[in-house]
Amino acid sequence: MNKKVADAHEAIRDIEDNMVLALGGFGLCGIPENCIAALVEKGVKGLTCISNNAGVDDFGIGLMLQQKQVRKMISSYVGENAEFERQLLSGELEVDLIPQGTLATRLMAAGYGMPVIFTPAGVGTEVAQGKEVRNFNGKDYLMEYAFDPAFSIVKAWKGDTHGNLVFRATSRNFNPLVAMAGKITIAEVEELVPAGELNPDHIHLPGIYVHRIFQGSSYEKRIEQRTFRKKS
Amino acid sequence: MNKKVADAHEAIRDIEDNMVLALGGFGLCGIPENCIAALVEKGVKGLTCISNNAGVDDFGIGLMLQQKQVRKMISSYVGENAEFERQLLSGELEVDLIPQGTLATRLMAAGYGMPVIFTPAGVGTEVAQGKEVRNFNGKDYLMEYAFDPAFSIVKAWKGDTHGNLVFRATSRNFNPLVAMAGKITIAEVEELVPAGELNPDHIHLPGIYVHRIFQGSSYEKRIEQRTFRKKS
Amino acid sequence: MALDKNQIAQRIAREVRDGMYVNLGIGIPTLVANYIPDGVNVVLQSENGLLGIGPFPFEGEEDPDLINAGKQTITTVPGSAFFDSALSFGMIRAGKVDLTILGAMEVADNGDIANWKIPGKMVKGMGGAMDLVASAKNIIVAMQHVNPKGESKLLPACTLPITGVRCVKKIVTELAVLEVTPNDGFRLIERAPGVSVDEIKQKTIGRLIVEGDVPEMKF
Amino acid sequence: MALDKNQIAQRIAREVRDGMYVNLGIGIPTLVANYIPDGVNVVLQSENGLLGIGPFPFEGEEDPDLINAGKQTITTVPGSAFFDSALSFGMIRAGKVDLTILGAMEVADNGDIANWKIPGKMVKGMGGAMDLVASAKNIIVAMQHVNPKGESKLLPACTLPITGVRCVKKIVTELAVLEVTPNDGFRLIERAPGVSVDEIKQKTIGRLIVEGDVPEMKF
């Protein structure tokens with residue numbers, strides 16, 4: 001059960017034009033830097049990307065936007081990205097804005113084999129347009145469908161050759177949910193260890209959801225909003 | 001944010017006759033032994049218990065059955081319990097048998113604020129009687145409702161005063177799901193530590209779902225089927 | 001005199017009770033954390049997967065893996081826990097977060113809120129706001145009473161695309177504290193020091209209920 | 001000669017492919033683990049929350065916190081992971097478990113299975129069986145061809161309350177290996193050494209398809 005591949009290039013080898021991908025991360029935190037770089041180099045186009053955010057102009061999914069590889073973003077928040085705005089206003093790029101919890105839960109639903117979920121988020125707003133509304137116990141909910149991405153790409157802190165993943169702090173965010181949703185799931189990790197080295201009680205995502213894994217390199221882990229206190 | 005109570009008696013002080021409780025554990029593994037003992041001593045009656053199993057004659061929920069405290073069990077499997085069988089056949093006890101995954105997911109749904117879930121388990125069987133069947137992508141699913149227990153009672157390996165819980169091996173089972181579902185959730189733990197001693201990356205259930213916590217004592221942790229190999 | 005941002009935060013902090021789990025939005029709501037009285041223990045939730053937000057890190061100790069929902073580097077407090085985004089919104093949806101404090105562009109006198117989209121402007125997205133307002137048991141809005149053009153933001157009905165319906169419970173502005181009674185309108189419960197009821201009436205287009213003497217806030 | 005339980009398990013083990021995630025039911029299915037060939041790496045799932053079941057512990061090393069779905073004490077193998085019951089059935093429901101092997105009281109020639117309830121007898125419950133048969137991509141049944149009264153368990157339609165519909169893909173009994181073609185019936189693909197096609201025909205009440213020479217199993 002060895003799922004190790006050499007690197008990002010091998011991991012993404014069969015990602016093709018016009019596919020639907022899901023990518024982990026929140027802002028620039030916990031994003032699959034190596035796979036994004038390999039996708040930019042490979043030059044696949046017409047992608048639909050399910051990702052909470054779209055990176056910044058010169059990092060994260062923003063790098064793929066610069067190369068005009070993305071046809072559609074499915075996200076909850078896409079600020080802080082001038083090239084994104086330009087492509088959106090010019091009609092080169094589509095965007096489907098989804099409440100953050102709905103996005104997370106539609107990914108989870110895929111991993112749990114649940115075709116739909118019901119959430120109150122967006123009831124009475126334009127997000128509800130065209131959707132089934134149903135009342136349970138006096139409260140209205142929207143029916144939202146599970147995602148079905150061809151590939152999921154995530155970043156973890158540690159992983160083993162079975163694909164078991166461990167995340168660190170808030171870089172967990174969407175990563176386990178994205179990993180669950182993919183027909184094929186690729187994980188890049190800061191440290192890849194042999195099976196048996198991770199404590200089975202500490203695993204955040206069991207390897208059954210992961211198909212390819214590799215140890216990434218040269219992580220920049222850029223900080224979007226560096227905030228701090230002065231030591232007094 | 002100190003949720004510590006002295007012991008099981010204080011934790012269950014306001015559990016009253018005819019309430020709906022959810023209890024963690026699978027078989028005799030990971031069951032809240034201290035709280036069950038306290039419920040037996042308190043003598044509350046007419047309880048509805050949501051629990052994957054019903055214990056054995058002289059342990060677990062079986063102890064409450066002996067005292068005729070349970071009016072209804074909601075479970076996936078209730079074998080290995082002669083008193084259970086006697087009460088069921090005599091009509092003293094009701095039982096609602098539910099597929100195990102449905103049971104687990106109906107508890108989880110409560111913790112995720114989802115009023116219903118859809119599962120294919122039981123489609124075309126007597127479990128489907130009276131339930132809404134809906135087809136998604138060519139497959140039939142049953143609509144199943146979230147549970148809504150007044151109290152949830154779980155057992156964890158370690159916990160802190162904020163109610164954060166860590167489980168050990170397969171004693172995790174239904175415990176985090178049961179904990180999520182309760183309007184009031186009681187956790188008994190083998191070791192209660194001050195807030196800050198648990199690694200926040202290792203917590204299996206965040207304390208927001210737990211309202212009372214105490215360090216249990218005298219755990220028997222009985223084994224239902226002791227199976228082993230001889231050392232050669 | 002109208003409150004400044006810190007005073008708005010300070011006033012809102014008085015709504016926070018011991019034992020609450022609280023989600024703070026970006027902007028003024030973030031400042032509320034600075035004014036929670038000693039002895040009132042609360043846990044702050046960050047919807048990107050943390051219970052137990054601590055203060056900003058010391059310079060040089062920023063951790064790129066540890067950020068809040070505004071993408072700022074933060075720290076944790078003892079007793080914190082990390083989790084994924086689905087569980088984070090699961091606990092929100094299940095009503096486990098006791099109090100949500102967030103900003104708004106407009107609030108209607110039935111409790112509708114608009115805070116995510118301005119037609120004609122680039123839309124950045126609703127983030128977690130729609131989930132929060134749809135599920136939180138108690139929502140307090142921190143905002144300016146009027147917009148930069150001097151127009152009231154407390155309206156009979158939102159003019160902007162709404163984020164959620166009949167959900168806002170209380171509003172704290174630079175001029176006043178108002179309770180939302182969805183069927184009757186904004187109930188004025190406090191005014192900023194030196195601000196007259198007349199000024200508040202003039203700057204509130206939605207239905208406003210003023211009963212008896214309206215006390216001044218004290219700081 | 002009819003197969004014994006171990007031979008049934010041994011024959012089923014040949015259906016297991018390298019890289020599969022497999023759920024083994026109680027009884028004969030559990031024995032399959034003993035016959036998986038070297039070089040075929042599989043991960044065994046226990047639906048109470050474990051991927052990576054290992055052998056029984058050595059005497060004296062049993063851990064009450066570490067059991068399988070049959071409540072037996074077990075061990076783990078390197079690369080194992082623990083999780084809760086909802087995720088366990090989530091991965092089953094999502095089709096991530098490649099193969100489910102379980103016992104049955106009856107199988108119908110359209111793939112229906114009955115294995116949880118006998119009217120008039122105390123019902124113990126379906127446990128995880130209904131979830132498994134409703135979602136598994138590939139279900140192999142291990143069972144005796146006839147019941148203790150000598151009646152066929154391979155039927156035109158189940159007489160007992162069913163566990164799942166049109167889900168069984170293959171059946172291995174002491175007499176034969178049969179593929180289920182839901183529209184056409186049981187297709188006989190192998191017979192136990194020395195067992196005649198006539199005997200299998202006689203003991204199979206459901207529609208049976210026999211084409212050409214049916215090979216004998218080899219051990």
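Chain naming here is simple, since letters A, B, ... match the order of the sequence lines and numbering starts at 1 in each.
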Measure the spacing between [atom1] of [X] and [atom2] of [Y] and express it to the nearest 0.5 Å.
X	Y	atom1	atom2	result
C/M130	A/T119	CE	OG1	11.0 Å
C/L50	A/N173	CG	CG	12.0 Å
C/M126	A/I98	CE	CD1	8.0 Å
A/I223	C/D63	CD1	CG	7.5 Å
C/E59	A/R226	CD	CZ	9.0 Å

Does the [X] side chain pair with the main chain of [Y], one donor and one acceptor, at a distance under 3.5 Å?
X	Y	value
A/T125	C/I162	no
A/R229	C/F58	no
C/D131	A/T102	yes
A/T227	C/T73	yes

Leading residue by heavy atom contact count with chain C [cutoff under 4.5 Å; candidates A/S171, A/A121, A/P99, A/P176]: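 Max contact count across the listed options: A/P99.
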cation_pi(A/R172, C/F82) dist<6.0 Å, angle<=45: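 Ring-cation test returns no.
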Six-ring centre of A/F26, C/K71 cation under 6.0 angstrom, axis tolerance 45°: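 Yes, a cation-pi geometry holds between C/K71 and A/F26.
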Side chain / backbone / both / neither for C/T163 at chain A, heavy atoms under 4.5 Å: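 Contact with chain A is through the backbone of C/T163 alone.
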